[in-house]
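What follows is one structure encoded as structure tokens, with my remarks underneath.
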Amino acid sequence: MSTAISTTEEVIAHGHDHGHDHEHEHHELGFIRKYIFSEDHKTIAKQYLISGILWAFIGGSLSIIFRLQLGFPDMSLEWLRPILGEWIDESGKLDKEFYLALVTMHGTIMVFFVLTAGLSGTFSNFLIPLQIGARDMASGFINMLSYWFFALSSVIMFSSLFIETGPASGGWVIYPPLSALPQAMPGSGLGMTLWLTSMALFIVSQLMGGINYICTIINLRTRGMTFTKMPLTIWSFFFTAVLGLLSFPVLLSAALLLIFDRSFGTSFYLSEIYIQGQALPNMGGSPILYQHLFWFLGHPEVYIVLLPALGMTSEVIATNARKPIFGYRAMIGSMMGITVLAFIVWAHHMFVTGMNPFLGSVFMFLTLIIAVPSAVKGFNYITTLWKGNIIFTPAMLFSIGLVSLFISGGVTGIILGNSALDINLHDTYFVVAHFHLVMGAASFFGLMAGVYHWFPKMFGRMMNKTAGYIHFWLTFVGVYAVFFPMHYTGIAGFPRRYYSFTALGNDGESAFTDLNAFISLAAIITFTAQAIFFFNFFYSIFKGKRATQNPWKSNTLEWTTPIVPGHGNWEGEIPAVYRWPYDYSKPGSEADFIPQTVPHSATPESNLPEENDEIAKEKEIESLLAAQNESYNR
């Protein structure tokens with residue numbers, strides 16, 4: 001056992017020493033190598049963040065265009081012709097084909113490019129080395145490649161918006177046979193090919209990032225940083241990386257088979273297809289196979305997006321409630337349970353495909369079971385907040401907003417998890433409302449909480465609090481105003497992806513015209529409110545108030561670095577860890593926080609009986625520290 005420990009420490013010490021060498025090399029790097037093709041995890045995190053913000057602006061803009069069509073179907077959109085060109089038809093209305101393309105690109109951009117790359121890519125890169133006490137990621141080169149594969153994927157996806165036949169138009173799920181037949185409609189042509197190419201590159205990016213995150217967390221923790229002393233943010237990034245590493249290859253296989261069907265005459269998803277009365281030669285395939293492959297990634301993707309947001313919420317809530325996180329081990333267990341269950345519930349998206357009712361009941365049972373670990377997280381957040389000495393920073397408000405959205409959106413998930421109810425509500429606006437609240441908006445709130453909380457560590461400056469408060473309240477009220485009414489339209493039977501409801505001649509549906517207009521107005525106001533954040537973010541990078549080293553009085557390791565960490569993060573040796581990261585408002589302690597780097601021997605007045613046993617281990621950590629420092633300074 002001791003041999004294993006010493007070997008591990010030698011590896012860690014070597015990694016720290018290696019980082020020290022790079023710190024000297026860093027001064028010789030030019031602008032391009034330092035800021036463009038950087039191997040520094042902090043710079044790569046900023047690249048992901050700014051890319052995600054730009055994609056959020058694009059994806060949000062697309063949603064506003066199709067919400068104009070839905071809310072005001074009789075309004076002329078001729079004023080958009082300078083931007084959309086031929087996609088505004090002769091009558092001044094949005095082209096029906098382009099409407100489907102807008103819905104497709106909005107979903108793709110927000111799910112993958114904003115909430116997956118922009119959220120997980122940013123904060124996994126930024127926080128993992130800083131919070132576990134590492135100089136950098138396990139492989140800086142692979143980390144750099146992961147971003148540039150994402151950047152190339154982004155360029156290809158963005159370019160599809162400008163081709164003559166328009167971008168992909170099969171919905172963000174790209175179901176065949178519509179997506180498998182280039183001749184089916186304009187959006188099934190070159191735009192679909194570009195979508196598939198872009199997604200293949202995106203998946204490669206995520207796999208490289210996931211491998212890096214897992215290897216870094218397992219191998220490069222500082223002395224004393226056992227798994228039970230890691231912040232919940234790191235646990236969430238770890239489980240997210242595991243989910244992505246196991247599920248993204250399945251989506252890649254689904255995309256490759258679709259490319260074969262489109263371009264090489266195979267029939268994985270096609271069988272007995274007729275187009276304009278002409279029979280195609282394809283036989284033996286099944287479009288249901290694609291749905292199985294897609295949703296095997298599609299449901300874990302919900303948690304690939306949500307788990308990092310939930311982990312950061314744990315950190316922000318504990319810090320600003322000035323209380324230990326309630327149920328630390330239960331939170332880890334709930335994330336582990338979510339990770340396992342996420343792989344065995346995918347077919348609840350397919351209740352209407354004609355599956356065997358018994359099989360549907362199995363997936364229904366598993367779907368309802370996943371509500372248990374999700375509820376554990378919700379209760380733990382509420383209990384942490386209970387009787388806390390809460391500091392309402394913008395990050396704290398967005399974290400509490402996430403908890404609200406997670407609970408309200410999760411309740412409707414229980415309804416949709418019931419196969420008998422889902423068959424009636426499937427592909428209605430009830431589903432749109434559910435996943436936007438529980439995944440889209442909740443994860444976006446987690447992203448905002450992370451930006452407001454760790455902005456001082458990223459840029460050495462503070463964001464404006466007043467602007468942050470205004471941004472939160474407009475966004476929080478706006479999100480509920482947009483998505484809560486959609487539950488009613490969904491129960492009334494409104495199908496999603498429809499271009500217009502007024503032409504159906506149904507008095508029941510035309511009665512919801514005003515509600516659709518209200519939703520569209522709320523969406524426009526909510527989207528416009530993001531300009532406050534956009535200005536606050538970029539202005540504060542250059543003109544914000546200068547930050548102190550630990551502005552939130554937090555316990556985790558990232559706040560022990562210089563205000564703006566250089567390459568290698570710490571000047572000199574990396575500090576050792578002696579305690580868990582949530583010692584807030586501890587009875588007997590003079591301060592209301594005790595950083596992880598403070599030994600238990602230094603706080604005898606606040607130690608619990610079991611913590612006094614940790615004092616004996618401090619000598620071992622100190623001896624390892626001395627050996628590492630000697631190696632570091634050699």
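All values derive from a computational prediction rather than experimental measurement.
- Considering every non-hydrogen atom in both L119 and L115, the closest pair reads CB-O, 3.2 Å.
- Residue F202 forms a ring pair (Phe, Tyr, Trp, His ring centres under 6.0 Å) with just one option from W55, F149, F113, and that option is F113.
- Scanning all heavy atoms of the two residues, the minimum distance from A576 to T222 falls at CA-OG1, 4.4 Å.
- Annotation: the span from N125 atom CG to I44 atom CD1 amounts to 6.0 Å, rounded to 0.5 Å.
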* Test side-chain contact (heavy atoms from CB on, under 4.5 Å) applied to D136 and H567, step by step -> CA-CA 8 Å; D136 209 318; H567 195 68; 3.8 Å; yes
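- Screening Y303, F296, W295 for a ring pair (Phe, Tyr, Trp, His ring centres under 6.0 Å) with F343, the sole residue that qualifies is F296.
- Using a 4.5 Å heavy-atom cutoff, the side chains of I217 and M230 are in contact.
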* Asked: Are Q206 and T116 close enough, and set up right, to give a side chain to side chain donor-acceptor pair (under 3.5 Å), and what steps lead you there?
  -> CA-CA 9 Å; Q206 294 304 298; T116 302; 5.9 Å; no
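- Using a 30° and 60° split on the angle between ring planes, W235 and F227 fall in the tilted class, from 30° to 60°.
- The aromatic rings of F37 and W148 are tilted relative to each other, their planes meeting at an angle between 30° and 60°.
- In this structure, CZ on F248 lies 10.5 Å from CG on L252, to the nearest 0.5 angstrom.
- Within 6.0 Å of atom CZ in F239, more than 12 heavy atoms from other residues, nucleotides or ligands are found, so the atom counts as buried in its surroundings.
- Looking at L310 and S236, their side chains never come closer than 4.5 Å, going by heavy atoms from C-beta outward.
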* Check against side-chain contact (heavy atoms from CB on, under 4.5 Å), L232 and I332 -> CA-CA 7 Å; L232 290 172; I332 297 171; 3.8 Å; yes
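- Looking at every heavy atom in both residues, A241 comes nearest to I214 through CB-CG1, 3.6 Å.
- In terms of modelled atom types and a separation under 3.5 Å, the side chain of H348 and the main chain of M364 share no donor-acceptor contact.
- Evaluated for a ring pair (Phe, Tyr, Trp, His ring centres under 6.0 Å) with F294, the options W172, W346, Y269 yield exactly one hit, W172.
- When all heavy atoms of T319 and W552 are compared, the closest pair comes out as CG2-O, 3.6 Å.
- At a cut-off of 3.5 Å, with distance as the only test, a side-chain donor of Y584 or S554 sits close to an acceptor on the other residue.
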* Asked: Run the side-chain contact (heavy atoms from CB on, under 4.5 Å) check on N569 and K42 step by step: do they pass?
  -> CA-CA 9 Å; N569 296 332; K42 300 180 294 298; 2.7 Å; yes
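- A distance-only check finds no donor-acceptor pair linking the side chain of R135 to the backbone of L220 [under 3.5 Å].
- Considering every non-hydrogen atom in both P581 and T556, the closest pair reads CB-CG2, 3.7 Å.
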* Asked: Does the pair N555 and D583 meet the rule for a side chain to side chain donor-acceptor pair (under 3.5 Å), with working shown?
  -> CA-CA 7 Å; N555 289 341; D583 271 344; over 6 Å; no
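- Within a 6.0 Å radius of CZ in F593, more than 12 heavy atoms belonging to other residues, nucleotides or ligands are found.
- For K46 and Y35, the positive end is not near the middle of the six-membered ring at less than 6.0 Å and at most 45° from its axis.
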* Derivation of the side chain to side chain donor-acceptor pair (under 3.5 Å) call for Y213 and T240 -> CA-CA 9 Å; Y213 306 151; T240 299; over 6 Å; no
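- By the neighbour-count criterion of 12 heavy atoms within 6.0 Å, atom CZ of F459 is densely surrounded, having more than that number from other residues, nucleotides or ligands.
- Atoms CG and CD1, from L405 and I400 in turn, are 12.0 Å apart once rounded to the nearest 0.5 Å.
- Side-chain atoms of E301 and S247 form no donor-acceptor pair, as typed in the model, at a separation below 3.5 Å.
- Between the Y147 side chain and the S38 main chain, no donor and acceptor come within less than 3.5 Å of each other.
- The main-chain N or O of A138 is found under 3.5 Å from a side-chain atom of T216 such that the two form a donor-acceptor pair.
- The backbone N or O of F455 sits nowhere less than 3.5 Å from a side-chain atom of R461 that would complete a donor-acceptor pair.
- Classified by interplanar angle (parallel below 30°, tilted 30° to 60°, perpendicular above 60°), the ring pair Y582/W580 is perpendicular.
- Using modelled atom types and a 3.5 Å distance limit, the side chains of W195 and S160 yield no donor-acceptor pair.
- When atom types are taken as modelled, the side chain of S198 and the backbone of L194 share no donor-acceptor pair closer than 3.5 angstrom.
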* Given side-chain contact (heavy atoms from CB on, under 4.5 Å), test M463 with V451 step by step and report yes or no. => CA-CA 9 Å; M463 294 182 73; V451 171; 4.1 Å; yes
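- Checked against the 6.0 Å centroid threshold, Y48 and F123 do not count as a close aromatic pair.
- At least one donor-acceptor pair under 3.5 Å links the side chain of Q596 to the backbone N or O of R579.
- If you take CG on N320 and NE2 on H453, they are separated by 6.5 Å, rounding to the nearest 0.5 Å.
- Here the side chain of K229 pairs a donor or acceptor atom with the backbone of Y578 at under 3.5 angstrom.
- Neither side chain, N380 nor Y328, offers a donor N or O lying under 3.5 Å from an acceptor on the other.
- Considering all non-hydrogen atoms of both residues, V564 and G460 come closest at CG2-CA, 3.5 Å.
- A donor-acceptor pair under 3.5 Å is absent between the side-chain atoms of R221 and the main chain of T226, judged by distance alone.
- Taking the side chain as every heavy atom from C-beta outward, V403 and I317 approach each other to under 4.5 Å.
- Judged by distance alone, with hydrogens and angles left aside, the side-chain atoms of K377 form no donor-acceptor pair with the main-chain N or O of M335 at under 3.5 Å.
- Side chains of Y290 and S179: no donor on one and acceptor on the other come within 3.5 Å.
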